[in-house]
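Hydrogens, waters and symmetry mates are skipped; everything else that's a heavy atom, side chains included, is used. Order of the sequence lines fixes the chain letters, A, B, ..., with proteins taken first and strands second; residue numbering starts at 1 for each chain.
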There are 2 protein chains.
Amino acid sequence: MATTTHPFRFDDGLSQRISETLQLLAATLAPQRRVVHAGETIYQAGEKFSHLYILNSGICKLLSQSADGREQVVGLKFRGDWLGFAAISQGHYVCDAVAMDTGEVWAMRYDSVMKACAAHPALMAVIHEAMSGEIMRDRDSMMSVCTLPADARVADFLRYWADSLAERGLRTDQITLRMTRAEIGNYLGITLETVSRALSKLERAALIHFTEKGRRDIAIPDVGGLEDFIQRCLGAPVSV
Amino acid sequence: MATTTHPFRFDDGLSQRISETLQLLAATLAPQRRVVHAGETIYQAGEKFSHLYILNSGICKLLSQSADGREQVVGLKFRGDWLGFAAISQGHYVCDAVAMDTGEVWAMRYDSVMKACAAHPALMAVIHEAMSGEIMRDRDSMMSVCTLPADARVADFLRYWADSLAERGLRTDQITLRMTRAEIGNYLGITLETVSRALSKLERAALIHFTEKGRRDIAIPDVGGLEDFIQRCLGAPVSV
DNA sequence: CGTCGCATTGAAGCCATTCAAGGTAGGTGG
DNA sequence: CCACCTACCTTGAATGGCTTCAATGCGACG
């Protein structure tokens with residue numbers, strides 16, 4: 001199906017759709033642009049809800065905290081993804097949005113968005129699709145966490161990251177994970193040691209390679225290989 | 001905080017808001033009503049997306065299936081909840097929606113909804129809130145699955161179910177779980193045996209009681225007790 | 001050069017799964 | 001009405017995967 005020799009796995013036009021969306025927003029809402037650097041906060045849980053955001057570049061994580069203090073990475077956002085949807089129903093932001101590298105976010109007042117939606121059906125469609133996509137993605141996460149063993153979750157995480165980049169036309173032959181092992185583990189519901197072991201195992205299987213000195217930069221020769229690995233994780237305990 | 005002697009734990013007006021929403025929909029969209037019985041399908045994965053649905057009564061589950069055949073309960077829906085949001089971004093439904101008891105669903109063509117939204121800002125606000133709420137709820141699930149041990153997940157599941165009923169003004173002194181142990185386990189990422197053991201443990205701790213002959217009907221004397229139980233599950237391995 | 005944060009790896013222990021054996025309730029048909 | 005079947009649930013025992021605990025390594029930074 002996919003042309004595996006091509007450096008980019010998909011090109012279904014998502015990248016172009018994102019550009020069109022950004023143009024539409026620029027034209028109808030005059031968003032306020034802000035450059036963010038790694039570690040900077042875009043909004044914080046508890047703040048009064050006022051703006052929706054869209055990422056024009058960079059990568060960003062969503063951190064949620066339960067009433068009793070448990071912390072959880074509940075989402076990762078890439079170019080074209082919206083931030084702040086969950087706040088609409090609450091009236092205040094319900095998680096922290098933190099930039100993971102340098103990027104640019106566009107801020108739009110929610111009431112302006114609503115008004116613009118009424119006037120521009122295309123804008124409303126775009127927003128509904130974005131919210132719908134977020135719901136889809138959350139379910140994929142649930143599926144991964146609930147049905148996959150630890151090694152496969154890590155493989156699926158890498159696949160997700162690589163696919164997210166590829167869909168946006170970014171290079172995937174060498175990707176930089178902008179999360180610590182502890183954060184990855186938190187996101188996947190496993191410990192940092194298990195993440196580390198899983199990555200080592202994937203490297204031994206030649207499904208990934210660590211580039212550079214540090215072990216944050218990863219090369220994935222063939223994303224399909226990760227999917228095969230996930231299948232093997234599932235198949236082994238059942239059939240054999 | 002909560003008046004624990006009262007049979008309904010919350011009355012924040014959600015029930016009334018739902019009624020108002022249903023009235024608004026009835027007035028602006030003339031939805032098509034359909035009575036469903038336990039086991040009947042509202043829509044199926046793969047069908048072309050055309051309608052959004054809202055539950056007027058009854059309870060319903062969402063079943064997702066991955067490309068490689070893994071099945072997963074990805075959501076539970078109660079009165080006032082919408083169905084089909086995830087399909088917007090895909091053009092077709094991505095999971096099966098199955099009624100768990102007798103209820104009534106209202107169907108509305110999505111293109112009609114979009115048109116009505118442009119004309120009625122209140123309707124648009126309602127839909128955005130509903131999608132936002134679904135995103136919130138999905139994150140709560142992630143949090144539960146990723147940070148709680150098995151026993152606590154089951155307790156949290158019961159708490160969620162009871163709260164969902166209470167918010168809607170339904171009685172919670174005696175609730176009927178309309179899922180098998182296997183389905184509950186699937187939803188929580190644990191096995192059916194573990195669910196069974198957890199329920200037995202909660203009964204021994206007098207946090208729940210089985211009523212009737214079968215073990216599907218459960219009485220929860222005090223939902224707050226379940227929250228304390230969850231805290232103890234978390235606290236024990238850490239502090240003591 | 002020493003410190004600090006992060007990552008890796010080993011060993012031990014535990015929680016959840018797996019495997020297995022009943023038990024219960026409801027439906028069907030003799 | 002009872003025997004039987006099926007689906008679901010419960011409980012025990014053993015296994016195993018993941019966590020926990022601990023030690024070491026590595027790179028960045030002052």
Original post:
Any side-chain N or O of A:S200 under 4.0 Å from OP1/OP2 of C:dT9?
Top reply: yes
**OP:** Answer with base, sugar-phosphate or nothing: what part of the nucleic acid does B:G185 contact at a heavy-atom distance below 4.0 Å?
**Re:** nothing
Original post:
Are B:R153 and B:D156 ion-paired here, with the side-chain N under 4.0 Å from a carboxylate O?
Top reply: no
Original post:
Which nucleotide in the set D:dT11, D:dT19, C:dA16 lies at the smallest distance from any side-chain heavy atom of B:S196?
Top reply: D:dT11
**OP:** Quick one: label A:T180 by what it contacts on the DNA or RNA (base, sugar-phosphate, nothing), any heavy atom closer than 4.0 Å.
**Re:** sugar-phosphate
Original post:
For C:dA7, does OP1 or OP2 lie under 4.0 Å from any side-chain N or O of A:R181?
Top reply: yes
Original post:
Which word best sums up how the rings of B:F78 and B:Y160 line up, parallel for under 30°, tilted for 30 to 60°, or perpendicular for over 60°?
Top reply: perpendicular
**OP:** Ignoring backbone atoms, test whether B:R215 places a side-chain nitrogen or oxygen under 4.0 Å from the OP1 or OP2 oxygen of D:dC8.
**Re:** no
Original post:
Would you say the side chain of A:R204 and the base of C:dT9 hold a donor-acceptor pair, judged only by whether the two atoms sit under 3.5 Å apart?
Top reply: no
Original post:
Are OP1 or OP2 of C:dA16 and a side-chain N or O of B:T191 less than 4.0 angstrom apart?
Top reply: no
**OP:** Describe the nucleic acid contact of A:R216 in one word from base, sugar-phosphate, nothing, applying a heavy-atom distance below 4.0 Å.
**Re:** sugar-phosphate
Subject >> A:D81/A:R168 ion pair, N-O < 4.0 Å >> reply: yes
